[in-house]
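Report on one structure; see the data block that follows.
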Amino acid sequence: MRKIWTTTASLVLAATVVLAGCSKGGGDNGGGNTTGSAGTGSSNGASSSGPVTINVFADEDTTNNQDLATNAFSKELEQKFNIKFNWTTVPYDGAPEKRQISLASGDYPDAFLLVPYIDNFTQNDLLRYGQQGVILPLNDLIDQYAPNIKKTLEENPDYKAINTAPDGKIYGLTQLSACYHCSFPNKMWVNTKWMKQLGIETPKTTEDFKKMLEAFKNDDPNGNGKKDEVPLSGSKETFGVHVIPYLMNAFIYDDDHTYLMMDSGKVDFSPNKPQWREGLKYVKSLFDEGLIDPGAFTQNADAFKKIGENSPQILGAGAGMHPAIFIDIADGNRYSKDYDSIPPISGPDGTAYATTQYTGNPGTAFVLTNKASKEAQIAMIKALDYIYTFDGELAADNGVEGVDWRKPKEGEKALDESIQPRYATIQKPAGSKPTNNAWAQLGQYNLSAEFRNSIVQSTDIYKSDGYERRLFAATKNNYDGKQPKEVFPYWAVWIDPASADQASILQTNITNYVDQSALQFITGNKDLDKDWDSYVKGFDSLDLKSYLDMMQKAYDNSAFAKK
C-alpha cells in the first residue's frame with residue numbers, strides 16, 4: 001500500500017555488484033577527493049577543443065514524446081558546458097530492474113539520472129556502492145564547481161539531511177520539490193454542492209462526519225430517486241488516497257508510511273495503542289453502515305476516478321492529495337467545482353491531526369560512478385549546478401520560452417500572492433502532441449518554494465490554470481498547523497548499514513501486518529474485542545522492539561535530534 005522508504009537492495013544482485021565494483025576499480029573508495037579520481041571510462045575524456053563525452057543512463061518519459069538525445073534542454077546543456085551526452089535510456093516501465101542489471105553487469109555509465117518516483121538509489125544502495133567505490137562522493141566537486149547546489153543544501157536542512165550519509169559524504173543528489181500541497185497528502189475532499197443542498201455544515205467532529213456521510217447515502221442528493229450514492233471512497237496507491245489515515249488522525253497520529261510517531265524525542269509506534277483501536281472501531285462503524293466504499297481498500301486510481309466521474313454524480317467524499325485524482329479538473333468539467341477540502345475532524349478527546357511529510361523520498365536520483373573521468377565529473381556537476389539556478393530549472397522543468405512558458409503579463413498574480421510572478425506556463429490545445437523541450441520530471445532538481453510559488457496562477461481556483469492556487473489555499477487554510485509538533489522524519493534518517501537490511505525487512509513485515517490487520521478488523525474478519533490482545537501480541541513475533549531501537553538510533557544520529 002505504500003512505497004517503503006528503506007527499500008532493500010536486491011540481495012541476488014548484491015554479490016555480483018561487489019565483484020563488479022571491485023574488479024573495475026579506479027574510484028575513490030573512501031575520501032572525498034572526487035575530482036582527483038580519473039575513473040576508468042574509455043571515451044569520456046575530451047581533447048583540448050572537443051566536447052567531454054558523458055555516458056548517461058536515464059529514465060525517459062516515452063509516453064509524453066520525450067527523446068533525450070534530441071531534447072532541447074539536452075542540447076542547451078551540451079552547448080553551454082561543452083558536453084556530448086551519450087544516452088542509454090529506459091522507459092519508466094521496468095526502469096529499476098534495468099538499472100540494477102546495468103550495475104550488476106559491470107557495464108554501467110559515468111552517471112545515472114533517474115526520476116525518483118520511478119526509481120532511485122536507496123540509502124542502502126548509496127552506502128554499499130559508495131564503500132565499494134562504484135559511486136563517487138560529490139563533496140569536493142560541489143565545493144569547487146557547484147555553488148548553486150551548495151547554497152541549496154545549506155538553505156534546506158531536510159534536503160541536506162536526505163543527501164548526506166552518516167559518514168558526511170554526499171554520494172548522490174535527489175530532487176528538491178518544495179510542493180506545499182504535497183506536504184499534507186491525506187486530505188479529504190467533500191461534495192460541497194451536496195452539503196449545501198442538504199443543509200450540512202462543515203463537519204468538525206467524527207460524529208459530524210458520520211452524519212454527513214449518512215445524509216449522502218440516504219437523502220438522495222443526486223436526485224435520481226435511487227440510493228446509488230457512494231458516501232466515501234479512495235484507492236490503494238500512495239498519494240494520500242487511503243481512507244484510514246484521515247479518519248485515524250482523529251484518534252492518534254497516522255503518518256500513512258511507517259506508523260511511527262514521536263514523543264519528546266522518543267520514537268514510538270501508533271498501531272498498538274488503545275487510541276488506534278478506538279480509531280478502527282470508528283472506521284468499522286462507517287463501513288458497517290455502508291458509508292465507505294468497500295473498493296476503497298483494493299481499487300486502483302482508475303477505478304476511483306470512474307466513481308468520481310460517474311453520471312449521475314454518486315461520490316460524496318474522496319480521500320486524496322488533490323481532487324484531480326478522482327475527477328477531471330479541465331475547464332468546463334461538470335464536477336470540478338463541487339469538491340472542496342475540509343479540515344481534520346476531531347475525535348472524542350479533541351485529537352485532530354493532519355498527516356505531514358517532506359515532499360521527497362530518501363535515496364538519490366543523480367550519481368556519478370567510477371567510470372567518469374575527472375573531466376566528465378567536472379562537466380556533469382557544472383551542468384547539474386545550472387539546473388539549481390532559477391533559469392536552469394525553468395528550462396529543465398518547463399522547456400522553451402514562447403513555446404512552453406512565457407513571462408508574466410501585467411496584473412497577473414503568483415501562486416503565492418506575497419511574491420512577484422516570474423513565469424507562466426503556456427496552455428496547449430487539447431489533444432496536442434507534447435513538445436520535446438524539457439527534461440520535466442527528470443530535471444526537477446530545484447523546485448524550491450521560490451520557484452514553485454512564483455508561477456502565474458488564475459485567481460479563479462476552479463479554472464484549470466488556477467488549480468495550484470486551489471491546492472495551495474486548501475493546504476494553508478485547512479491542514480498546515482494541524483500536524484503534531486514532532487513527527488518521525490522517515491525521509492531523512494539514515495539506518496546503520498550493519499542493520500539496514502534487517503530494518504527494511506522488519507519494516508515491511510510490520511507495516512504489512514498493520515495494513516492487513518486493519519482491513520480485517522474493519523471488515524469483521526477479526527473482532528476488535530476478542531482479537532485485539534492477540535493482534536498486539538503479534539508485534540512481539542515481528543520484533544517490533546528491535547525495529548524501534550534501530551529507528552531510535554537512526555533518529556538520535558540525525559540532524560533532527562541535534563536541532
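Quantities reported herein were computed from a predicted structural model and do not represent experimental measurements. Computed over heavy atoms, backbone and side chain alike; hydrogens, waters and symmetry mates excluded.
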Between Y490 and Q357, a side-chain donor and acceptor under 3.5 Å: yes
State whether a side-chain donor-acceptor pair under 3.5 Å links E393 with S448. no
Less than 4.5 Å apart, any side-chain heavy atom of L113 and any of F57? no
When you check the gap from the basic side-chain N to the acidic O, do D119 and R99 get nearer than 4.0 Å? yes
Just checking, any donor-acceptor pair under 3.5 angstrom between side chains of T122 and N120? no
Is there a donor-acceptor contact under 3.5 Å linking the side chains of S558 and W494? no
Cationic tip of K371 above Y108 ring, under 6.0 Å, 45° of axis: yes
Can we say R422 and E450 salt-bridge, meaning some charged N sits less than 4.0 Å from an Asp/Glu carboxylate O? yes
Less than 6.0 angstrom separating the ring centers of F451 and F390, yes or no? yes
Between D67 and N436, a side-chain donor and acceptor under 3.5 Å: no
If you apply the rule salt bridge (charged side-chain N to carboxylate O under 4.0 Å, His left out), what do you find for D328 with K305, and how did you get there? CA-CA 8 Å; D328 291 333; K305 196 160 189 174; 3.0 Å; yes
Does a side-chain N-to-carboxylate-O contact under 4.0 Å join K98 and D93? no
For the residue pair D397 and Q444, confirm or rule out a side-chain donor-acceptor distance under 3.5 Å. yes
As a quick check of understanding, evaluate salt bridge (charged side-chain N to carboxylate O under 4.0 Å, His left out) for E154 and K151, giving each step before the final call. CA-CA 5 Å; E154 290 172 348; K151 181 182 178 183; over 6 Å; no
Does one side chain, of S546 or D543, offer a donor that lies under 3.5 Å from an acceptor on the other? yes
Side-chain donor-acceptor contact under 3.5 Å, H181 with Y479: no
Sequence neighbours excluded, which residues qualify as side-chain contact (heavy atoms from CB on, under 4.5 Å) partners of L519? F297, T523
Under 6.0 Å between the ring centres of Y358 and Y159? no
If only side-chain N and O atoms count, and only distance matters, is there a donor-acceptor pair under 3.5 Å linking Y547 with Q502? no
Would you please indicate if the ring centroids of F73 and W439 are separated by under 6.0 Å? yes
Cation-pi check for Y180 against R452: NZ or CZ below 6.0 Å from the six-membered ring centre and within 45 degrees of the axis, yes or no? no
Given the options I170, I135, N163, L126 meets side chain to side chain contact (heavy atoms under 4.5 Å, CB included) only with I135
